[in-house]
Protein chains: 2
Amino acid sequence: MRIITTPTLKEAISVVHDALNQKKVLILVGKCTVQYKGRARSTLSLGDRILIIKRDGAVLVHRPTGYAPVNYQRSGCIFYAKLEEDRLKIEAIDQKHKEYMKIFFSEITLVACLDLRDPGEFALYATEEDIRRAILANPEMLEEGFKPISIEKEVEPGFIDICGLDKNDNLVIVELKRKKADKTAVTQLAKYVNDIKKRSRRVVRGILAAPSITKDAHILLISLGLEFKKINIKACMESLRKTEERKITEYL
Amino acid sequence: MRIITTPTLKEAISVVHDALNQKKVLILVGKCTVQYKGRARSTLSLGDRILIIKRDGAVLVHRPTGYAPVNYQRSGCIFYAKLEEDRLKIEAIDQKHKEYMKIFFSEITLVACLDLRDPGEFALYATEEDIRRAILANPEMLEEGFKPISIEKEVEPGFIDICGLDKNDNLVIVELKRKKADKTAVTQLAKYVNDIKKRSRRVVRGILAAPSITKDAHILLISLGLEFKKINIKACMESLRKTEERKITEYL
DNA sequence: AATTAAATTTCGCCT
DNA sequence: AGGCGAAGTTTAATT
């Protein structure tokens with residue numbers, strides 16, 4: 001781990017070499033120009049930027065504004081760095097995709113070779129309750145003509161997420177999963193459907209609603225005569241958001 | 001400009017406040033967790049990351065690998081930063097898009113408040129010669145049935161980029177521009193077309209081929225009975241790349 | 001590996 | 001400011 005502020009180019013390149021050789025993360029801040037050639041071509045004239053080279057060989061050049069990097073390379077690059085007259089030159093070559101980028105630093109504010117450990121897990125999700133509220137607010141999200149019933153009172157099986165009637169007045173039992181549904185979700189749904197079938201002379205359909213489903217679970221689901229409905233998390237959140245806005249508007 | 005390595009959380013938050021108040025660029029490296037709620041929701045458990053907050057209120061959280069940020073906010077956020085027990089909490093709120101993100105740092109390796117100036121211009125382009133070679137290699141790119149002629153010998157007007165025959169055997173004069181075409185490009189093309197018309201009894205069409213065209217130029221173009229063909233720079237580069245690969249293959 | 005579809009797509013151009 | 005379409009899109013899922 002080496003961090004130097006306002007280093008000379010010579011000091012800087014030593015840190016750069018360390019980072020590249022040891023596959024650590026490099027941050028370089030300073031005045032630079034960038035050239036790119038590959039699927040397209042680009043040039044970027046002199047200015048202050050933040051360069052990040054990651055362990056996997058991904059490269060980002062960021063300007064002081066804007067979400068997107070002005071120049072980048074995807075992971076898998078190989079690098080050459082050297083001192084050239086009064087500039088530090090870094091080449092990033094993506095041989096596989098035939099993409100080539102070079103950066104010339106003429107002045108460096110900060111160079112850092114970082115040993116970052118990141119075992120953390122990233123989870124993108126909506127809660128089951130989010131999905132439930134979204135479907136109740138916008139039942140067509142589940143199926144055209146779907147009408148939820150008695151969501152307030154918990155019926156005896158106790159843990160049915162949503163039940164309702166389809167456009168043909170068949171009973172529909174919905175099991176929700178906030179992430180990829182597995183076999184346990186299918187058996188759970190099957191149990192509820194069977195319970196209800198015993199007590200009703202209606203046709204009873206079972207729908208497993210989730211962002212995705214494992215292959216095994218889907219095979220089991222079909223063999224049991226049940227159905228899968230893919231839920232779009234983003235659409236759920238959008239729907240909820242609109243509902244909330246509507247609620248606010250109704251109060252104005 | 002303040003840069004501190006392994007600061008205490010107290011030292012760090014002072015730099016964070018400086019950066020946010022003075023609308024400078026903030027870089028924070030350390031152990032953190034992230035939560036996001038907006039169009040979707042996400043959580044990210046503890047790990048080493050690089051946080052960048054830009055002048056325009058854009059936020060990036062980068063892990064040690066991967067091109068894309070694991071969490072982000074678009075420009076226009078407002079921020080709240082405070083010390084909370086033994087964590088530094090930063091909230092980034094995008095009121096306009098109703099996106100909310102919070103980051104909790106428990107350990108900081110590096111904090112930097114940077115005054116970056118970037119007047120540089122970014123230009124994405126293909127050279128005129130690139131475009132020419134691409135069209136000659138793949139004439140349908142210009143128009144279905146287009147056949148280039150005599151590109152080797154420079155004809156008298158001298159500076160015609162490409163000429164050829166369309167599927168109806170009409171003469172076609174092509175003027176290339178590597179970036180947005182303006183009125184001068186149109187008058188240039190008009191001149192060549194008129195020159196050729198005087199010497200030929202064929203129908204002579206004039207096509208201005210460029211990535212885009214100014215409104216004024218397009219109006220003038222139409223009034224002169226000329227045509228515009230939008231050129232996709234990426235498609236040109238892809239075409240060239242394939243041609244080069246083919247050439248190599250032919251030698252094997 | 002190649003192709004397709006979705007993305008917290010982002011980004012620019014036009015209305 | 002909102003809507004549409006392209007992007008050095010990226011990324012995940014599927015064939």
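Below, chains carry the letters A, B, ... as their sequence lines are ordered, and counting in each starts from 1.
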If you measure from the [atom1] atom in [N] to the same atom in [M], how many Å do you get, rounded?
| N | M | atom1 | result |
| --- | --- | --- | --- |
| C:dC11 | D:dT11 | P | 14 Å |
| C:dT8 | D:dT14 | C1' | 23 Å |
| C:dG12 | D:dT10 | P | 15 Å |
| C:dA7 | D:dA6 | C1' | 15 Å |

### Query
What distance do B:Arg87 atom CZ and B:Ser106 atom OG have between them, rounded to the nearest 0.5 Å?
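OG of B:Ser106 is found 8.0 Å from CZ of B:Arg87.
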### Query
Quick one: CG on A:Leu114 to CD1 on B:Ile50, what's the gap to the nearest 0.5 Å?
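Here the interatomic distance stands at 6.0 Å.
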Would you kindly give the [atom1]-to-[atom2] distance between [X] and [N], to the nearest whole Å?
| X | N | atom1 | atom2 | value |
| --- | --- | --- | --- | --- |
| A:His97 | D:dA7 | NE2 | P | 18 Å |
| B:Asn232 | D:dT9 | CG | C1' | 12 Å |
| A:Leu60 | C:dT10 | CG | C1' | 15 Å |
| A:His218 | D:dT14 | NE2 | C1' | 14 Å |
| B:Asp130 | D:dG8 | CG | P | 16 Å |
| A:Gln73 | D:dT10 | CD | P | 10 Å |
| A:Arg41 | D:dA7 | CZ | C1' | 19 Å |
| B:Gln95 | D:dA1 | CD | P | 15 Å |

### Query
Is A:Arg74 close enough and on-axis enough to B:Tyr67, meaning under 6.0 Å and within 45°, for cation-pi?
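No cation-pi geometry.
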Are there more than 12 heavy atoms of other residues, nucleotides or ligands under 6.0 Å from atom [atom1] of [X]?
| X | atom1 | answer |
| --- | --- | --- |
| B:Glu84 | CD | yes |
| A:Lys89 | NZ | yes |
| B:Glu121 | CD | no |

### Query
Is the closest basic N to carboxylate O distance between A:Asp48 and B:Arg117 below 4.0 Å?
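Looking at B:Arg117 together with A:Asp48, the answer is no, because their closest N to O distance does not fall below 4.0 Å.
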### Query
Does B:Asp130 pair with A:Arg41 as a salt bridge, N-O distance under 4.0 Å?
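Answer for the salt bridge query: yes.
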Given [N], is OP1 or OP2 found less than 4.0 Å from the side-chain N or O atoms of [X]?
| X | N | answer |
| --- | --- | --- |
| B:Arg39 | C:dA7 | no |
| B:Arg74 | C:dT10 | yes |
| A:Lys230 | D:dA13 | no |
| A:Tyr72 | D:dT9 | no |

### Query
On DNA chain D, nearest-nucleotide positions of B:Lys96 versus A:Tyr36: which is more 5'?
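The residue mapped nearer the 5' terminus is B:Lys96.
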### Task
Between A:Ile213 and B:Pro69, name the one whose nearest nucleotide on DNA chain D is closer to the 5' end.
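Looking at the nearest nucleotide for each, B:Pro69 comes out on the 5' side.
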### Message
Categorize A:Lys37 for me: base, sugar-phosphate, or nothing, with a 4.0 angstrom heavy-atom threshold over every strand shown.
### Response
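Answer is nothing: A:Lys37 stays at 4.0 Å or more from every strand.
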### Query
Reckon B:Tyr100 touches a base, only the sugar-phosphate, or nothing at all at heavy-atom distances under 4.0 Å?
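B:Tyr100: no heavy atom of the nucleic acid under 4.0 Å.
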### Message
With a 3.5 Å distance limit and no angle check, can you tell me whether B:Tyr36 reaches the backbone of B:Arg39 through a side-chain donor-acceptor pair?
### Response
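Checked: pair present.
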#### Entry: Strand DNA chain C as a dot-bracket string - pairs counted if Watson-Crick or G-U with both distances under 3.5 Å, | where the partner lies in another strand
|||||||.|||||||
#### Entry: Nearest-nucleotide 5' precedence on DNA chain C, A:Ala68 against B:Asn71
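Here B:Asn71 is the residue nearer the 5' end.
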### Message
Nearest heavy atom decides the nucleotide; on that basis, is B:Ala40 or A:Gly66 closer to the 5' end of DNA chain C?
### Response
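On the 5' side of the pair lies B:Ala40.
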#### Entry: From D:dG8, C:dT8, C:dT15, nucleotide with atom closest to A:Glu99 side chain
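Of the options given, the side chain of A:Glu99 lies nearest D:dG8.
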### Query
D:dT10 base stacked by B:Tyr67? Criteria: ring centres under 5.5 Å, plane angle under 30°.
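The ring of B:Tyr67 is not stacked on D:dT10.
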